[in-house]
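To keep things clear, I will list the structure first and then write my remarks on it.
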2 protein chains.
Amino acid sequence: MNIKHDKVNVLKTGMALLCSKGYSNLGVDEICKVTGMTKGAFYNAFKSKEQFLIEAVLLYGENNVKRIKSELEPNGQNSAFERLQMFYHKMLKAQPRNNFTGCFINNIMSEMGFVSELVGIESSKEFVKFIDAIVPTVMEAQENGEMNRELDARQITELLHSTFYGVLTIAKSSQNIDQSILTINLLFNNLKPNQNA
Amino acid sequence: MNIKHDKVNVLKTGMALLCSKGYSNLGVDEICKVTGMTKGAFYNAFKSKEQFLIEAVLLYGENNVKRIKSELEPNGQNSAFERLQMFYHKMLKAQPRNNFTGCFINNIMSEMGFVSELVGIESSKEFVKFIDAIVPTVMEAQENGEMNRELDARQITELLHSTFYGVLTIAKSSQNIDQSILTINLLFNNLKPNQNA
DNA sequence: GTAATCAAACAGAACGGTCGGTACAATTAA
DNA sequence: TTAATTGTACCGACCGTTCTGTTTGATTAC
């Protein structure tokens, strides 16, 4: 009996696999096995394995932008600066202990950015969208006087998220996030206005 | 006629291949083709492809520590802060345009950190050695009054190098280093002592 | 001096396994 | 009936590795 497969669910399951195993280490057979698809169904739904990856990148990006906006929006309790800090802490701590797979876009950028130009371009686009989604909260923190107003908000955001990617990579390799949290905290403290100004 | 292969040269050539193609995308056949080895010679020199990777990581780490120390040592012209800034600029700009492969250790950490525990551990160790090699110059910059003395030198160094890795990954994917340089500059400016203190 | 010996290094064909992808009949939905 | 979807066997290419046999160069024996 044929099974009706929800493409979005397949992509979401595939994302987790891609995130932990990487693209080259993950076979189409395994994607099919885990999602319960057959090869016929897979290649009916996706033109190729690479196209599957790109669709996963796009879906992840879309959902992540929503998540960013949701977690950073004013909640009546925390200031913009606090929400930003909580946001990055949460993402670091969300990683299961001893199963630290890192961020999907960061991993794909690193593995495929130079191998597949198309994948590189698409994941870069998603990164820019993440930045776009975070910038308003950084601006709010600047207006609050919680962050240095002399700096460009977009530059600050690029710095924050780049550093986040950097510590993620190191944490993924050492399977330890303690240092990552210290590093992110240091950066946040440094982005406060000059205390004695 | 048999050819005498220098293991170090083979590893260096392999490093460049690993850096641009990644581990999973690089076959032993290609390593052999580029280095002029045959399979027999390769498997006589290396127990396995993974062992080849680990030896490449170790050699890269060793050479990179030497390079860091050499580029950061006092030159009678530049202050510690200037030498640090020049060091990171140089590493970013050293990447050939449109052929931006990133940093070997960063790439391997991201691709293999979770796939092979051994590779993850070894590359993390090399990262720590890089930090060890940079810390003294950060301390010197603090003593000079060029960098904020209130912060822990090792923490600053971790932040610098993590951010460097982050911007490298993004640059590798977008094939553009302009933003990376701006981001690193912003971080350096922020690590100066509070101007109005 | 030189012939015999031997382990290490090398060459490259071959192996079993896995890869992404396809062919096509069977099944389902319209 | 017809078109779309699925299940499965299968393809050629490629993978890391192993294999057998050869070459090499240093060591040993005479």
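Just so we're clear, the structure is a prediction, and the values are computed from it rather than from any experiment.
Using modelled atom types, one finds a donor on one side chain and an acceptor on the other under 3.5 Å when comparing B:Asn189 with B:Lys192. For the 3.5 Å distance criterion, the side chains of B:Asn106 and A:Ser110 fail to qualify, holding no donor opposite an acceptor.
By the 4.5 Å heavy-atom criterion applied to side chains, B:Leu53 and B:Met112 are counted as neighbours. B:Lys125 is listed as a side-chain neighbour of B:Glu122, based on a closest heavy-atom distance under 4.5 Å. For the pair B:Tyr43/B:Val28, a side-chain contact is recorded, criterion being any heavy-atom separation below 4.5 Å from C-beta on.
For the pair A:Met37 CE and D:dT6 P, the computed distance is 7 Å after rounding to whole Å. A straight line from CG of A:Asn44 to P of C:dT28 spans 16 Å, rounded to a whole angstrom.
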Given protein heavy atoms under 4.0 Å, the one-letter contact record of nucleotides 12-19 of chain D, with B base, S sugar-phosphate only and - none, is simply ---SBBB-

Would B:Thr163 and B:Phe188 satisfy side chain to side chain contact (heavy atoms under 4.5 Å, CB included), going step by step from the backbone distance to the final call?
CA-CA 11 Å; B:Thr163 303; B:Phe188 267 103; over 6 Å; no

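Between the axis at the start and the axis at the end of the helix from C:dG1-D:dC30 to C:dA30-D:dT1 there is an angle of 10°, using five pairs per end and rounding to 10 degrees.
Taking the centre and axis of the six-membered ring of B:Phe46, the NZ or CZ atom of B:Lys7 falls inside the cone set by 45° and 6.0 Å.
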Side-chain atoms of residues 128-142 of chain A: list all donor-acceptor pairs with protein atoms under 3.5 Å, sequence neighbours left out, distances to 0.1 Å.
{"from": "A:Lys129", "atom 1": "NZ", "to": "A:Glu126", "atom 2": "OE2", "distance (Å)": "3.3"}
{"from": "A:Asp132", "atom 1": "OD1", "to": "A:Arg154", "atom 2": "NH2", "distance (Å)": "2.2"}
{"from": "A:Glu140", "atom 1": "OE1", "to": "A:Arg83", "atom 2": "NH2", "distance (Å)": "3.0"}
{"from": "A:Glu140", "atom 1": "OE2", "to": "A:Arg83", "atom 2": "NH2", "distance (Å)": "3.3"}
{"from": "A:Gln142", "atom 1": "NE2", "to": "A:Asn148", "atom 2": "O", "distance (Å)": "2.9"}
{"from": "A:Gln142", "atom 1": "NE2", "to": "A:Leu151", "atom 2": "O", "distance (Å)": "2.7"}

